[in-house]
2 protein chains.
Amino acid sequence: MRDNKPITSIDVARAAGVSQSAVSRTFTPGAAVSDKTRAKIIEAAKALKYRPNAIARTLSSNRSHIIGMVLSQLDNLFYPTVVDKLSRVLQQHGFHLMLFFAEGRDVDNALTQLLAYQLDGVVLASTTLSSRLAKECVNANIPVVMFNRSADGAQASSVTSNNREGGRIAGEFLLENGHQRIAYIAGREDSSTNRDREAGLTAALAAANLSIYRRAVGNYEREDAASAARAIFAGKKPPDAVVVASDHMAFAVIDTLRFELGRTIPGDVSVVSFDNVPQAAWPAYELTTIVQSVDAMVSATTNLLLDQINAHEIVSSDVVVGCKLMVRKSVRLSPAQKVMLKS
Amino acid sequence: MRDNKPITSIDVARAAGVSQSAVSRTFTPGAAVSDKTRAKIIEAAKALKYRPNAIARTLSSNRSHIIGMVLSQLDNLFYPTVVDKLSRVLQQHGFHLMLFFAEGRDVDNALTQLLAYQLDGVVLASTTLSSRLAKECVNANIPVVMFNRSADGAQASSVTSNNREGGRIAGEFLLENGHQRIAYIAGREDSSTNRDREAGLTAALAAANLSIYRRAVGNYEREDAASAARAIFAGKKPPDAVVVASDHMAFAVIDTLRFELGRTIPGDVSVVSFDNVPQAAWPAYELTTIVQSVDAMVSATTNLLLDQINAHEIVSSDVVVGCKLMVRKSVRLSPAQKVMLKS
DNA sequence: CCAATTACTGCATACGTATGCTACATTGGA
DNA sequence: TCCAATGTAGCATACGTATGCAGTAATTGG
């Protein structure tokens, strides 16, 4: 036998000899109920195994406690890490993540589904179509945070790391360690993240009267990154260092260099990339990389969302999280640097 | 200016000169509306930018079109892959995934939150506390699928691959290729998956009058797996092959063997594991592994869930998806095998 | 001990959609 | 021409909770 009639607040009210309102207030933090009444109600609720119905609450209070997260794919470990941490933090505040996978040209479809669930907030982490989606959500009065990409004109908030700074740091570090022919493997060209990283690198090189030695596009994907590596290392005078726009691509680049082109790292080529995904620390790669602090980004996202939700008002702001270099073993160090790092 | 008053079906009805029921029926597949009325309504809806309210629909129809997914962590690429594929498939059927991270002893908390959202179904992919959660959901009349773990007594469905078969295949493959001292690095001992894989391996070895040469527990975690590898390779006569209960652990084992213990793979040791995570194909590992077909498992999960939802009835069944060996380069092949594989 | 607050409580209604039922219109068959 | 059957439309209500309002009980201050 199964419980076929779900227990409602009315059942609890009856059992406790109070009104339905009292039950509701008991389960609403901050509402006015006397301790005695609350105790009676809690007891009755426990006895009946009552669980408040979040859907009904949403309808009447206009707060779903659901945050939508729009993704395009999860094969790069960066986003799973984000989903994991973000979901946990939100859960502690009584919110939950609902996933929407979107890409290509089904924006309208995605939008309809997004808007249907009366979301309290939206996190956009999908590579494409962000700006249209953001605009429509804001129109519908839903706070939006663009995660790891910046808002081009939309009234949406954004959380990014300081990618320009990161690019600069990567470039300077390579220069300091005596590299001269520095190549760049780009992510998707339409992503702000890629643009900023490349701009920072270019600036660092310019300060030393250099420019990007060779360049190819990897689109944040493994196969494209491998092709990019081949292209960049074809011909004479190959680069002595490569900056790669994401760890995920860097793994492909390193694999290609080692197993296809027979180079050693960092003996023949140095590699620096971005993200500091867990695998970057694995002995097989020991990747020197620009750290995006997922924790800081997640907590910024949470704050941005919750503040707007509580204030019942959309206030867009852009949070830029600082980034730093994590030195491992994929860059050949100059003797001077080695001493410095040792001390 | 923002739209502060959301458009409801009543607004659309008024605009189209029909009743609210007609609007509702227009957006309910299979309901009876004449083409003429439907056309008027669609037009009015488009003009007003009407989007049906899924929450209100849930309250009145008792179908939320939300599937809960309970996870413990996403650092092993297997689960992100599952989340990605499952979410897409469900989305095509009009359902969406809501994430719940749970572990340790907050079962009651997790349960309250799960039950609050009137989920149409639940997928349990969390390592611990599955069986309690499953039971309570079924009690609440919610179909449950235990993903990649089997139901011990609960009236929940399950989808697993044929792990015993997989263990057997792994063992036989190593034996055929002349390995004699075969070690096993286990996942969490309380997981059915681990038990079955180990049982299959043991059976294969027994058929050759052998038994597991050495054994240690890796708990499906990287650090524990590395320790396990150290333990197993300490002392004389080290194993000539290791079966590892997951790819994720196998990467740690291989890293430890190569970079800490100075062994080559498959020269000194062969490695076989389970899952066939994307990274297993990367040149740095070239892992020979037992494939769990995520696609097959996802589609089985979807069917199990949707069938029960449509039937308004819980019917638990267990789906066991076949698995197969993916041969790459982490196992030393006997000369005979090499010829076979070449042909 | 009384008046003025304050602290609770219950009543009634709203949230937006789905759906059983009734009523009406249309069609086809005899 | 009339009746039965079928196809549509609208009415009314239910879903479970939150909350403004009004009323009552408890508390405080003088």
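Below, chains carry the letters A, B, ... as their sequence lines are ordered, and counting in each starts from 1.
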Whole-Å distance between [N] [atom2] and [X] [atom1]?
{"X": "D35(A)", "N": "dT27(D)", "atom1": "CG", "atom2": "P", "value": "12 Å"}
{"X": "L59(B)", "N": "dA18(C)", "atom1": "CG", "atom2": "P", "value": "11 Å"}
{"X": "N53(A)", "N": "dC15(C)", "atom1": "CG", "atom2": "P", "value": "18 Å"}
{"X": "R63(B)", "N": "dA14(D)", "atom1": "CZ", "atom2": "P", "value": "21 Å"}
{"X": "H65(B)", "N": "dG16(C)", "atom1": "NE2", "atom2": "P", "value": "20 Å"}
{"X": "R57(B)", "N": "dA18(C)", "atom1": "CZ", "atom2": "P", "value": "5 Å"}
{"X": "Q118(B)", "N": "dG16(C)", "atom1": "CD", "atom2": "P", "value": "19 Å"}
{"X": "F27(B)", "N": "dG16(C)", "atom1": "CZ", "atom2": "P", "value": "16 Å"}

For the residue pair [Y] / [X], report whether a side-chain donor-acceptor contact shorter than 3.5 Å exists.
{"X": "S158(A)", "Y": "D318(A)", "result": "yes"}
{"X": "S72(A)", "Y": "Y79(A)", "result": "no"}
{"X": "R51(A)", "Y": "T112(B)", "result": "yes"}
{"X": "S161(A)", "Y": "Q292(A)", "result": "yes"}

Which part of the nucleic acid, if any, lies within reach of [X] when heavy atoms closer than 4.0 Å are counted: base, sugar-phosphate only, or nothing?
{"X": "V33(A)", "value": "sugar-phosphate"}
{"X": "S21(A)", "value": "base"}
{"X": "V23(A)", "value": "nothing"}

Starting at the 5' end of DNA chain C, which residue's closest nucleotide do you reach first, A54(B) or R25(B)?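 Taking each residue's closest nucleotide, the earlier one in sequence belongs to A54(B).
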
So which nucleotide from dG10(C), dG16(C), dT17(C) ends up closest to the side chain of P6(B)?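 Closest nucleotide among those given: dG16(C).
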
Return yes if the base of dT17(D) and the side-chain atoms of S60(A) contain a donor-acceptor N/O pair under 3.5 Å, otherwise no.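 Answer is yes: a donor-acceptor pair is held.
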
Using ring centroids (six-membered ring only for Trp), state whether F27(B) and Y50(B) fall under 6.0 Å.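 Yes: the rings meet the under 6.0 Å criterion.
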
Of S9(A) and G17(B), the one whose closest DNA chain D nucleotide lies more 5':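 Its nearest nucleotide lies further toward 5', so the answer is G17(B).
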
Closest-nucleotide 5' rank along DNA chain D - winner of A32(B) and S61(B):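 Nearest nucleotide further toward 5': that of A32(B).
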
Can you tell me if the side-chain N/O atoms of S24(B) get under 4.0 Å from OP1 or OP2 in dT17(C)?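 For dT17(C), neither OP1 nor OP2 has a side-chain N or O of S24(B) closer than 4.0 Å.
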
OP1 or OP2 of dT17(D) under 4.0 Å from side-chain N/O of Y50(A):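 Checking Y50(A) against dT17(D): at least one side-chain N or O falls below 4.0 Å of OP1 or OP2.
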
